[in-house]
Amino acid sequence: MTTARSENFPESIIRENIKRLTPYSTARDESNAGYGTYLDANENPYNMGYNRYPDPHHKLLKRELALKKGVNEDMIFAGNGSDEAIDLIMRVFCEPRRDNIVSISPTYGMYKVAASINDIEYREAPLKVDFTLDTQALVNLSDNNSKVIFLCSPNNPTGNLLDKEAVLGIVKKFKGIVVVDEAYGDFSGDEGYIPLLSEYPNLIVLQTMSKSMGMAALRVGFAFGNARVITYLNRVKYPYNLNRISQELAIKRIREGSKTLGGILSERERVASSLRELSEVVKVYDSNANFLLVKFRNATEMYNLLLNNGVIVRDRSKVSGCEGCLRITIGKPAENDRLIMLISNFGKEPFIFPLNPFVEVSRITRETAITLKADFTGAGLSSLNTGIGFFDHMLEQISTHGGISLDIDVSGDLWVDFHHTVEDVAIVLGDALNRYFTSAGNYERYGFSLPMDESEATVLIDLGGRAGFNWKVDFRGDKIGEFPCEMFAHFFSTLASAGKFTLNVKAEGENDHHKAEAVFKAFARALKMALASGNLQSVPSSKGII
Ligand SMILES: *Cc1c(COP(=O)(O)O)cnc(C)c1O
């Protein structure tokens, strides 16, 4: 267990106004009673899921994290992303227009931005050409008004771990605060600086749920440090800086851990060695993070080529120290394959544009907001969040049996009924299918699926670019659970007209649920057949595909 030696904390470097500050005290702070009648915070008394303010002290989250990291809870600050911690550290320690911050270059851009916003001078010590720390340069840049040194290890965008001895040398010598940003620490295999917090009262470690833990959308990040420092960060934060959903999901993820880390690490090694083979690549820097810094012969042209083919990387080619470099995040294997294929095609005549198997469509109307990502590389994994469990289950059939990975997120007016959500998902999915097969150029066009095993549905599909719809399915009842059976025909007819393809659907059977499922399955199989590459070797036999 790491505890902090608060007594050695250099209290004198706290800004005067922050020392004097009486922080906002929330209504709930004053009444620490157990469950009761809350008439203190002007909330709406009716529980519609989110009527109460979230815990301003993030107690459960900190308890979970403290266990995981082996620190005391009072050594943890939880912020709206670690970006919040970066900003608050400056506000607690630096007097605008008088004090300064020292950092390295190149590094994460937010340190400089946060310093500018707070009107604090920002000084940068360039890393050496091999991206190692130039300790002397850092020391030379700092003076009596230097309050914080920001270091990032593994560093963004260079990907390397800074030398620990060198960092600790600075921590020991420097009178102010040294921040070590470990946003990418989990990818490095290094235990990092948290275990050293007990020895160094002027050290702050930043970590985030945004990278290895896969929760960038939730905005949860942490500062670990001496309990005195953490108290000051807590005093200046917005009282309810972390919403309840973020707190709850972060707790869950911390318990579960990251299940994707191993896969990303092995992809990093695979992509790095593939890129090293390519003639356009000058250098792939060793990485301890989930990205690669890659130097190209023609970085700008390469960036544009990738962009024009739907692959977005970070152009760092104009950044001092990274000339000619792009920063490439490690994606899913199929995405990485596409990246490698595009780069290896650079400058070749004729340039072979590999088919883009990734389609993203979003649509916002008065009734629904939908984002859909379809991946036609064949994995057939899905993340379906339409808000209608049964509908998710049906869409999952399309994904699994069609070999299309679907990520669908919907916020819809389900309090009215299912109508808009089902219709709009059909529009977006139809649009995505159309975009894919019109870009594919080389596909079978026709597909069919005959009754087989438990399924009793026949589906014929013609991706000829013309919408048509023929539906012969009788349901015995009006609803399956809460789901109105009439919505099925509506879904498929909307899908066909948005996708501009012709669909013939027939199904018979006793059980409505099985029948509906069979229709979705048969549709998926017919679609898979129609989308199959027109290449002669891969023409699927009707036996093979059904
Ligand atoms: C991504 C990143 C962060 C941002 O983390 P959030 O928790 O998402 O705010 C912090 N530091 C570095 C170096 C990063 O690359």
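Remember, it's 1-based here, ligands and their atoms both numbered in the order they're listed. Atoms considered below: every heavy atom in the structure, side chains included; atoms not considered: hydrogens, waters and symmetry mates.
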(message) List ligand 1 atoms under 4.0 Å from Y184, heavy atoms only on the residue side.
(response) 1 (C), 13 (C), 14 (C), 15 (O)
(message) Could you identify the single nearest non-hydrogen protein atom to atom 1 (C) of ligand 1 and state the distance to 0.1 Å?
(response) K211 NZ, 1.4 Å
(request) Please assess R314 against Y303 for the test side-chain contact (heavy atoms from CB on, under 4.5 Å), listing each intermediate value before the final yes or no. (result) CA-CA 8 Å; R314 192 93 156 124; Y303 176 82; over 6 Å; no
(request) For ligand 1, note which part of A183 has a heavy atom under 4.0 Å away: side chain, backbone, both or neither. (result) side chain
(request) Run the salt-bridge test on E121 and R123 with the 4.0 Å N-O cut-off and return the result as yes or no. (result) yes
(request) Pick, from D181, D87, T107, the option with the minimum heavy-atom distance to atom 12 (C) of ligand 1. (result) D181
(request) Select one of side chain, backbone, both or neither to describe which atoms of D83 lie under 4.0 Å from any atom of ligand 1, heavy atoms only. (result) both
(request) Could you tell me which atoms of ligand 1, counted from 1 in the order shown, lie closer than 4.0 angstrom to a heavy atom of S210? (result) 6 (P), 7 (O), 8 (O)
(request) Take the angle between the ring planes of F187 and Y184 and call it parallel below 30°, perpendicular above 60°, tilted in between. (result) tilted
(request) Considering heavy atoms of the protein only, find what lies nearest to atom 5 (O) of ligand 1 and give residue, atom and distance to 0.1 Å. (result) S82 OG, 3.0 Å
(message) I'd like to know if C152 contacts ligand 1, where contact means a heavy-atom distance under 4.0 Å to any ligand atom.
(response) yes
(request) Consider every N or O of Y111 and every N or O of ligand 1, then say whether any pair is closer than 3.5 Å. (result) no
(request) Compare all side-chain heavy atoms of E301 with those of F346 and state whether any distance is below 4.5 angstrom. (result) yes
(request) Check whether any N or O atom of Y108, backbone or side chain, sits under 3.5 Å from an N or O atom of ligand 1, and answer yes or no. (result) no
(request) Under 4.0 Å, heavy atoms only, figure out whether ligand 1 is touched by the backbone of R219, its side chain, both or neither. (result) side chain
(request) Report yes if some heavy atom in the side chain of L61 is under 4.5 Å from a heavy atom in the side chain of F222; otherwise report no. (result) yes
(request) Could you tell me whether D337 and R270 make a salt bridge, using a distance below 4.0 angstrom between a side-chain N and a carboxylate O? (result) yes
(message) Can you name the atoms of ligand 1, numbered from 1 with element, that are less than 4.0 Å from a heavy atom of G81?
(response) 6 (P), 7 (O), 9 (O)
(message) So for M110, does at least one of its heavy atoms come nearer than 4.0 angstrom to any atom of ligand 1?
(response) no
(request) State plainly whether the residues K128 and D134 are in salt-bridge range, i.e. N to O under 4.0 Å. (result) no
(message) Show the atoms of ligand 1 that are less than 4.0 angstrom away from any heavy atom in T208.
(response) 5 (O), 6 (P), 7 (O), 8 (O)
(message) Quiz question: by atom type and distance under 3.5 Å, do the side chains of Q207 and Y193 form a donor-acceptor pair?
(response) no
(request) Measure up the Y285 and F131 rings against each other and bin them: parallel (under 30°), tilted (30 to 60°), perpendicular (over 60°). (result) tilted
